[in-house]
Amino acid sequence: MTMSRCLYTLIAFAAAAALTVAAPVPKARPGHKAQPPNDNALVKAYKDRLAFTRSSDWQGWPPDKAFDGNADTSWFSATGDTPTGDKRPWLAVTFPHDVAVRRVTVLGNREPSSPIGYSALVGRLELLDKDGRAVIRAEREGKGDRSDFDFVLSEPFGRVRTVRFTVVKDDTSEGRSQTRCVGVAEVQIE
């Protein structure tokens, strides 16, 4: 095999691998059977070893509230950290080592004291590798009264170190949120 043919084969293999790695999360198909509740196995398994980051937070509502297993507590972004404020609020969880992810469910705000006007209407999920590169990225609209998101992969994807959810569109412009912030009740990962 000549050097140029060997190089061409190597480039073709790398391009094919890149397409596989960047495969999007499949969209829900109409008429498909509903998924059972997310068992949140990865968050539960690494509970004491998770690192949380975020774009901002409202004092007293830090990002770990979105990973505490209690849908009645929420993470809230700081005032003005909303898409209607020309920002992209996000929160993320980093695992101590690579994990295989098959599903991420993001529950919209359910905080009893502030139930209306803090919703993420469109969200982006990114699964990042140990170097911070997005290996899977998907964006979709929230569903139901609470604007929940369910990202189900066609098969488990390994090499995931960080799961990040970004709010792309929110409902704070409707005047129902006095603080102009968004909330997320839970991020469940299995």
Side-chain angles (χ1 to χ4, degrees), residues 24-44 47 50 52-93 101-127 136-154 162-190:
V25 176
K27 293 187 178 205
R29 290 180 283 196
H32 239 217
K33 200 164 64 171
Q35 293 284 324
N38 189 315
D39 68 11
N40 206 18
L42 289 172
V43 172
K44 290 175 183 175
K47 183 178 132 181
L50 299 173
F52 308 106
T53 53
R54 73 287 191 189
S55 56
S56 67
D57 59 54
W58 188 264
Q59 187 175 3
W61 285 273
D64 58 313
K65 287 188 179 268
F67 299 92
D68 63 2
N70 181 358
D72 287 336
T73 63
S74 294
W75 159 78
F76 286 98
S77 65
T79 297
D81 189 9
T82 65
T84 55
D86 292 327
K87 305 277 177 78
R88 292 286 186 257
W90 57 270
L91 72 156
V93 60
V101 174
R102 70 180 189 91
R103 181 180 181 191
V104 177
T105 304
V106 179
L107 302 179
N109 172 47
R110 287 160 167 76
E111 187 82 29
S113 62
S114 304
I116 298 172
Y118 303 90
S119 297
L121 301 178
V122 176
R124 179 183 312 125
L125 173 72
E126 293 174 295
L127 303 182
I136 291 182
R137 180 179 289 133
E139 190 172 298
R140 63 178 46 136
E141 291 182 13
K143 300 294 181 201
D145 294 342
R146 304 291 187 156
S147 195
D148 296 335
F149 301 83
D150 201 15
F151 300 91
V152 181
L153 281 65
S154 54
T162 300
V163 174
R164 180 169 55 203
F165 180 75
T166 302
V167 180
V168 176
K169 182 179 178 188
D170 66 283
D171 70 350
T172 62
S173 66
E174 296 176 15
R176 296 186 298 177
S177 169
Q178 296 300 317
T179 57
R180 295 183 353 267
C181 62
V182 293
V184 170
E186 283 296 307
V187 177
Q188 302 168 332
I189 307 165
E190 59 181 44

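Start at 1 with the first residue, then count along the sequence. Atom set for the values below is all heavy atoms of this structure, side chains included, hydrogens, waters and symmetry mates excluded.
- In summary, of the residues considered (Val43, Asp150, Asn40, Leu42), a side chain to side chain contact (heavy atoms under 4.5 Å, CB included) with Gln188 occurs for Asn40 alone.
- Taking a cutoff of 4.0 Å between a charged side-chain nitrogen and a carboxylate oxygen, Arg110 and Asp148 qualify as a salt bridge.
- A salt bridge does not link Asp68 with Lys65: none of the charged nitrogens is closer than 4.0 Å to a carboxylate oxygen.
- Under the 3.5 Å distance criterion, the side-chain polar atoms of Glu186 are matched with a main-chain donor or acceptor of Gly69.
- Asp72 is listed as a side-chain neighbour of Pro112, based on a closest heavy-atom distance under 4.5 Å.
- Of the residues listed (Thr82, Thr84, Val122), the one engaging Lys169 in a side chain to side chain contact (heavy atoms under 4.5 Å, CB included) is Val122, and it is the only one.
- Contact record, Val187 with Val184: CG2-CG1, 4.0 Å, taken as the closest heavy-atom pair.
- The shortest side-chain heavy-atom distance between Arg140 and Phe149 falls under the 4.5 Å cut-off.
- When atom types are taken as modelled, the side chain of Ser114 and the backbone of Glu111 share no donor-acceptor pair closer than 3.5 angstrom.
- Between Ser55 atom OG and Leu91 atom CG the span is 8.0 Å, to the nearest 0.5 Å.
- Listed here is the closest heavy atom pair of Phe67 and Pro63: CD1-O, 3.3 Å.
- Nearest heavy atoms, Val168 versus Pro83: O-CB, 3.2 Å.
- Separation of atoms CZ (Arg137) and CZ (Phe151) is listed at 12.5 Å; rounding is to 0.5 Å.
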Task: Derivation of the side-chain contact (heavy atoms from CB on, under 4.5 Å) call for Thr162 and Val93 - done: CA-CA 6 Å; Thr162 300; Val93 60; over 6 Å; no
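- One finds the CG atom of Asp39 at 11.5 Å from the CD1 atom of Ile189 (value rounded to the nearest 0.5 Å).
- Taken to the nearest 0.5 Å, the SG atom of Cys181 stands 5.5 Å off from the OH atom of Tyr118.
- Separation of atoms CZ (Arg164) and OG1 (Thr53) is listed at 8.0 Å; rounding is to 0.5 Å.
- Using a 4.5 Å heavy-atom cutoff, the side chains of Phe165 and Trp90 are not in contact.
- Residues Trp75 and Pro89 meet the side-chain proximity criterion, which asks for heavy atoms closer than 4.5 Å.
- In this structure, CZ on Arg88 lies 12.5 Å from OG on Ser77, to the nearest 0.5 angstrom.
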